[in-house]
Amino acid sequence: MTMATNGGGKAQSVIEFDDTRLLAPLFGEHDLHLARIEQRLGVSLVPRGNRVAIMGDAAAARIAHAALEDLHQRLKSGLEVTVGDVDGAVRMAEAIPEPTLGATDAKEPSVARSAGRQSAAKKGQRRTTAAKDTLIRTQKRVITPRSPTQAEYLRALRDFPMVFGLGPAGTGKTYLAVAVAVSMLLSEEVDRIILTRPAVEAGERLGFLPGALEEKVDPYMRPMYDALYDMMPGERVLRRRDAGEIEVAPLAYMRGRTLSNAFIILDEAQNTTPVQMKMFLTRMGENSRMVVTGDPSQVDLPLGSRSGLRDAMDILDAIDDIKMVTFTHADVVRHPLVTTVVRAYDERENRLLDDR
């Protein structure tokens, strides 16, 4: 892309779209998606017909241009565009090396056509929200990454037999792992999905829970069911659970088992002990995938207890067939305020470490 620049690092460009039928979902209702990009990047986007004029800081304008191209390509591929997808496209565009977004030495504003235009970067190097190697299809929806780290994580889930997803809440660690698990179950790459987590209370005393065993542990397993129901019709989740193809159980139920032909996910792994973690990791059988997710900064174990997740990170980090993907506050895909909250806690923790 070529841009006109003027004093102060400002730039102006025009992007033209060839399919006018896609403009309404691209721009959003009342141009909501354009407003979202403006808010995040501090640029001005002015739509006129099938063109959008982009004005603002040169670097931000390049990112806005790449994000709009990404979203347009999503729509051409048959995918929807939501506000979350807009945020994801911006995150992806921010990770593109500056030269691949175009030069800035032109004297006149240019019109860049999105259809069929080849990026300056080599094909495959550019990160987008709709890349085929990170697109996950389930029965209810299509899942795509909303940050470069999520894209790296999805590739790791496909390529490595054991993956650790590490980082704060809201980054999609468990959700994406469940999505890949469901996709592999539907394509018969695995025979079953096993979802487990330690039954540790998050700083609360819940007391005695009445009912059958399933009713006792259900509150701890609810986040896992939520992810399943988001990707499969409820009756099919229950049918596959009853058939043994989907199992949601406390970590203690993994002891003594060999889990073959399965996609196994351990959630909230920071609340395991080193003994529990070793027990879990050694359950892996033939043709199985194993994913461990957790946030090392949110340990609910008794004070002074060592987290099994931290222990495993130290022991297994150098093993080639194990991939560890670390998320940060920049990867949080919940409400934007969650990113601010996570960043504030991280900054305080860093200050406390510096004071020691």
Side-chain angles (χ1 to χ4, degrees), residues 136 138 143 149-150 153-154 156-157 160-185 190 192-204 206 214 216-232 237 241 246-255 257 259 262-284 288-301 305 307-313 316 322-327 331-334 338 342:
I136 305 299
T138 65
I143 291 93
T149 308
Q150 284 195 352
Y153 186 54
L154 285 171
L157 292 172
F160 288 82
M162 185 178 291
V163 177
F164 283 70
L166 312 167
T171 52
K173 304 182 300 295
T174 303
Y175 187 86
L176 293 177
V178 172
V180 174
V182 169
S183 175
M184 294 184 71
L185 179 67
V190 296
R192 54 183 172 157
I193 300 172
I194 299 173
L195 309 175
T196 186
R197 60 184 344 205
V200 176
E201 298 166 355
E204 302 176 68
L206 302 181
E214 184 175 326
K216 293 177 187 291
V217 301
D218 186 66
Y220 297 103
M221 304 295 117
R222 181 49 50 188
M224 322 269 302
Y225 279 114
D226 289 342
L228 285 171
Y229 288 138
D230 204 31
M231 298 165 201
M232 300 176 66
V237 173
R241 187 192 67 180
I246 294 178
E247 179 181 349
V248 182
L251 178 60
Y253 278 52
M254 299 299 109
R255 186 173 297 278
R257 302 174 63 183
L259 307 174
F263 198 109
I264 312 142
I265 301 172
L266 171 60
D267 190 32
E268 297 291 335
Q270 74 274 7
N271 291 327
T272 63
T273 65
V275 171
Q276 288 176 317
M277 178 62 77
K278 180 181 178 182
M279 178 274 293
F280 173 76
L281 296 176
T282 54
R283 300 307 93 199
M284 190 175 188
S288 285
R289 299 292 182 97
M290 187 169 276
V291 182
V292 178
T293 67
D295 180 358
S297 70
Q298 290 191 349
V299 178
D300 298 314
L301 294 171
S305 300
S307 167
L309 177 60
R310 176 66 65 182
D311 196 57
M313 290 166 59
L316 307 176
I322 297 177
K323 178 70 172 179
M324 296 194 181
V325 180
T326 301
F327 295 82
D331 300 299
V332 173
V333 293
R334 292 179 181 170
V338 176
V342 172

Practice task
Evaluate the criterion side chain to side chain contact (heavy atoms under 4.5 Å, CB included) for residue pair T272 and F280; output intermediate values, then yes/no.
Solution key: CA-CA 10 Å; T272 63; F280 173 76; over 6 Å; no
What is the distance from atom [atom1] of [X] to atom [atom2] of [Y], rounded to the nearest 0.5 Å?
X	Y	atom1	atom2	result
L228	I246	CG	CD1	5.0 Å
T282	M290	OG1	CE	8.0 Å
L251	D267	CG	CG	11.0 Å
L176	T149	CG	OG1	11.0 Å
M254	M284	CE	CE	14.5 Å
L309	N271	CG	CG	9.5 Å

Does a side-chain heavy-atom distance below 4.5 Å link [X] with [Y]?
X	Y	value
R283	I264	no
L266	P198	yes
L281	M162	yes
V178	D230	no

According to side chain to side chain donor-acceptor pair (under 3.5 Å), who are the partners of [X], at least two apart in sequence or on a separate chain?
X	value
S307	none
Q150	none
S288	none
T196	none

Looking at residues at least two apart in the chain, or sitting in another chain, which of them share a side-chain contact (heavy atoms from CB on, under 4.5 Å) with [X]?
X	value
A181	I193, F263, I265
T138	I136, R141, I143, V182, M231
S297	D295, E349

Handout entry: Non-hydrogen atoms of G167 and K173 that approach each other most closely
Key = O-NZ, 3.1 Å
Practice task
Could I get the full list of salt bridge (charged side-chain N to carboxylate O under 4.0 Å, His left out) partners for D226, not counting sequence neighbours?
Solution key: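 Salt bridge (charged side-chain N to carboxylate O under 4.0 Å, His left out) check on D226 returns nothing, list empty.
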Exercise for the section: Check the pair V292 / M277 against side chain to side chain contact (heavy atoms under 4.5 Å, CB included), numbers first and verdict last. Expected result: CA-CA 10 Å; V292 178; M277 178 62 77; 3.9 Å; yes
Problem - R289 side chain to L157 backbone, donor-acceptor under 3.5 Å - result: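 Yes, because the side chain of R289 sits within donor-acceptor range (under 3.5 Å) of the backbone of L157.
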Exercise for the section: Using atom types as modelled and distance alone, determine if a side-chain donor or acceptor of Q270 lies under 3.5 Å from a backbone N or O of Q298. Expected result: yes
Problem - Counterpart residues, ring pair (Phe, Tyr, Trp, His ring centres under 6.0 Å), relative to F164 (two or more places apart) - result: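 Ring pair (Phe, Tyr, Trp, His ring centres under 6.0 Å) list for F164, sorted by chain: empty.
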Handout entry: Among Y175, F160, F327, ring pair (Phe, Tyr, Trp, His ring centres under 6.0 Å) partner for Y153
Key =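 Exactly one pass, corresponding to F327.
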